[in-house]
Amino acid sequence: MVFRGLSRLVAATLATSAVAGGTVAAGAGDQASEKPLGVVELFTSQGCNSCPPADEFFAELAANPNLVALSYHVDYWDYLGWRDTLSRKENTERQYDYMRAFNSRSVYTPQAVINGRAHVNGASRGAVDGALDTMAKAGEGMLVAIRVSRSGDGVMIDAGDAAAGSGNANAHVVVVYFDPPKTVAIGKGENDGRNLTYWNAVSDIQTAGMWHGKAQRYELPVSEISRKQGGSAVLLQAVGQDGLPGPILGAAFIQKPE
């Protein structure tokens, strides 16, 4: 579905495998070093009839421990009759920021942004897998190791040194909070009457600091992680001088304290 009057993006029909319940696990153990294959950010809406196939495929991505998969529910389809219960204006703003960063003319759902570098149809398994594979081979995957650990009342995030020749010396340390899986009964709009399950729906985004190409440690209070109902992840994301999001250089899940 394309916003601003452009033609609708028709989601491909996908054969998806069943995914066991439960949130995506963070790194194993008290110390975890994460350098996943990549980051998939899905922009979706409960009010978009092209989105359910993408949401089903996303469940597989969210269950893959080698990916950081985050779902951003947007609000611009609410006028069709159903207000997305997981939408946030900040999610819509992030998608528009990506639109400007990619020099695109519109936003659409379902849109998957891969590693902050390119966007594809979020319902297309081939497009998502192909982009991840192509970027990994081109040295555009996760270039900086992120280590998450616990020390007393703090959660430590250690970002490593910049990869040789990466050309990226500055980035924001972004902490993303997301909800546990939720099944929503859609009461109106294009998906009226359907019960749809959503994974890793982003509920908050915070910037924890700046990274300048050298190994650095950042500390978050354990209470900030514990009070959230769902999970959280950290993204090391370059930001242009215009303030728009750029390539994601590193990522990891933050294990929720027990």
Side-chain angles (χ1 to χ4, degrees), residues 22-42 58 60-72 94 112-117 128 131-132 135-136 139-163 166 168 170-180 199-239 245-258:
T23 58
V24 176
D30 198 36
Q31 291 268 356
S33 180
E34 297 286 341
K35 206 168 184 181
L37 174 63
V39 175
V40 178
E41 297 176 279
L42 176 68
F58 181 81
E60 294 184 50
L61 300 176
N64 186 338
N66 199 31
L67 292 174
V68 173
L70 303 166
S71 177
Y72 298 81
R94 182 168 177 82
V113 175
I114 312 299
N115 296 349
R117 295 177 180 270
V128 173
L132 287 165
M135 289 183 192
E140 296 179 338
M142 299 297 98
L143 304 176
V144 179
I146 304 294
R147 179 178 292 271
V148 180
S149 60
R150 169 81 179 272
S151 178
D153 293 332
V155 173
M156 306 301 171
I157 300 172
D158 288 289
D161 291 322
S166 66
N168 294 290
N170 295 286
H172 287 189
V173 179
V174 180
V175 179
V176 182
Y177 297 95
F178 55 86
D179 291 334
W199 295 71
N200 294 9
V202 171
S203 58
D204 193 16
I205 305 175
Q206 300 175 2
T207 300
M210 287 283 294
W211 174 85
H212 300 288
K214 298 295 183 181
Q216 189 169 340
R217 168 169 286 188
Y218 309 85
E219 184 175 4
L220 298 175
V222 168
S223 58
E224 182 68 12
I225 304 298
S226 300
R227 70 184 181 87
K228 304 291 186 178
Q229 290 185 346
S232 55
V234 56
L235 307 179
L236 188 65
Q237 184 162 29
V239 177
I248 296 174
L249 310 177
F253 286 109
I254 301 174
Q255 187 171 5
K256 193 168 186 177
E258 296 180 358

*Asks:* Using a 4.5 Å cut-off on heavy atoms from C-beta on, say whether the side chain of V68 contacts that of M142.
*Replies:*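 The answer is no; the side chains never approach within 4.5 Å.
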*Asks:* If you define the side chain from C-beta out and look only at heavy atoms, does anything of I114 sit under 4.5 Å from V40?
*Replies:*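 Result yes, sub-4.5 Å side-chain heavy-atom pair found.
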*Asks:* Taking atom CD as the centre, does E219 end up with more than 12 heavy-atom neighbours from other residues, nucleotides or ligands that are less than 6.0 angstrom away?
*Replies:*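 Above 12, so yes.
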*Asks:* Does a side-chain heavy-atom distance below 4.5 Å link I157 with I146?
*Replies:*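 A side-chain contact exists here, since the closest heavy-atom pair is under 4.5 Å.
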*Asks:* Looking at every non-hydrogen atom in both residues, tell me the closest pair between L249 and A171 and how far apart they are.
*Replies:*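 Taking every non-hydrogen atom into account, CD1-CB, 4.3 Å.
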*Asks:* If you define the side chain from C-beta out and look only at heavy atoms, does anything of L37 sit under 4.5 Å from N64?
*Replies:*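 With C-beta onward as the side chain, the pair stays apart.
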*Asks:* Between OG of S232 and CG of N200, what distance do you get to the nearest 0.5 Å?
*Replies:*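 Between S232 OG and N200 CG, I get 10.5 Å after rounding to 0.5 Å.
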*Asks:* Counting N and O atoms only, with roles assigned by atom type, does the side chain of K228 sit under 3.5 Å from a partner on the main chain of K256, one being a donor and the other an acceptor?
*Replies:*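 Looks like no, no N/O pair under 3.5 Å.
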*Asks:* Verify, without hydrogens or angle tests, whether Y218 (side chain) and V155 (backbone) share a donor-acceptor contact under 3.5 angstrom.
*Replies:*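 Not at all, since once roles are kept as given, no pair shorter than 3.5 Å links the two residues.
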*Asks:* Out of curiosity, F178 CZ to S203 OG, how far, rounded to the nearest 0.5 Å?
*Replies:*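 Interatomic distance, F178 CZ to S203 OG, rounded to 0.5 Å: 9.0 Å.
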*Asks:* Could you go step by step and tell me if R227 and Y177 meet the side-chain contact (heavy atoms from CB on, under 4.5 Å) rule?
*Replies:* CA-CA 11 Å; R227 70 184 181 87; Y177 297 95; over 6 Å; no
*Asks:* Side-chain contact, heavy-atom cut-off 4.5 Å: L67 with L132?
*Replies:*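 SC-SC contact between L67 and L132 confirmed.
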*Asks:* For residues N115 and G141, report the shortest heavy-atom separation together with the two atoms involved.
*Replies:*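 Here N115 and G141 meet closest at ND2-CA, 3.8 Å.
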*Asks:* How long is the gap from CD on E41 to CG on L235, to the nearest 0.5 Å?
*Replies:*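 The distance works out to 6.0 Å.
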*Asks:* Identify the heavy atoms of F58 and W199 that sit nearest to each other, and give their distance.
*Replies:*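 Nearest pair, atom of F58 first, then W199: CE2-O, 3.1 Å.
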*Asks:* Could you report the tightest heavy-atom contact between D161 and A215, atom names first, then the distance?
*Replies:*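 In this case the closest contact between D161 and A215 is OD1-N, 2.7 Å.
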*Asks:* Does the Q237 side chain pair with the main chain of G246, one donor and one acceptor, at a distance under 3.5 Å?
*Replies:*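 Side chain of Q237 to backbone of G246: a pair is present.
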*Asks:* To the nearest 0.5 Å, how far apart are CG in L220 and CD1 in I254?
*Replies:*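 Going from CG on L220 over to CD1 on I254, the span is 6.0 Å.
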*Asks:* Can you list the residues that meet the ring-ring contact (aromatic ring centres under 6.0 Å, His included) rule with Y72, with sequence neighbours excluded?
*Replies:*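 In terms of ring-ring contact (aromatic ring centres under 6.0 Å, His included), with neighbours along the sequence ignored, Y72 is linked to F43.
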*Asks:* Between V222 and G154, what is the shortest heavy-atom contact and its length?
*Replies:*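 The answer is CG2-N, 3.5 Å.
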*Asks:* Given side chains that start at C-beta, do those of V173 and L236 come closer than 4.5 Å, heavy atoms only?
*Replies:*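 Yes, close enough: below the 4.5 Å cut-off.
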*Asks:* Taking all non-hydrogen atoms of both residues into account, name the closest pair between G230 and P180 and its distance.
*Replies:*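 Reported closest heavy-atom pair: CA-CD, 3.5 Å.
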*Asks:* Are any non-hydrogen side-chain atoms of M156 and R150 less than 4.5 angstrom apart?
*Replies:*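 M156 vs R150: side chains apart.
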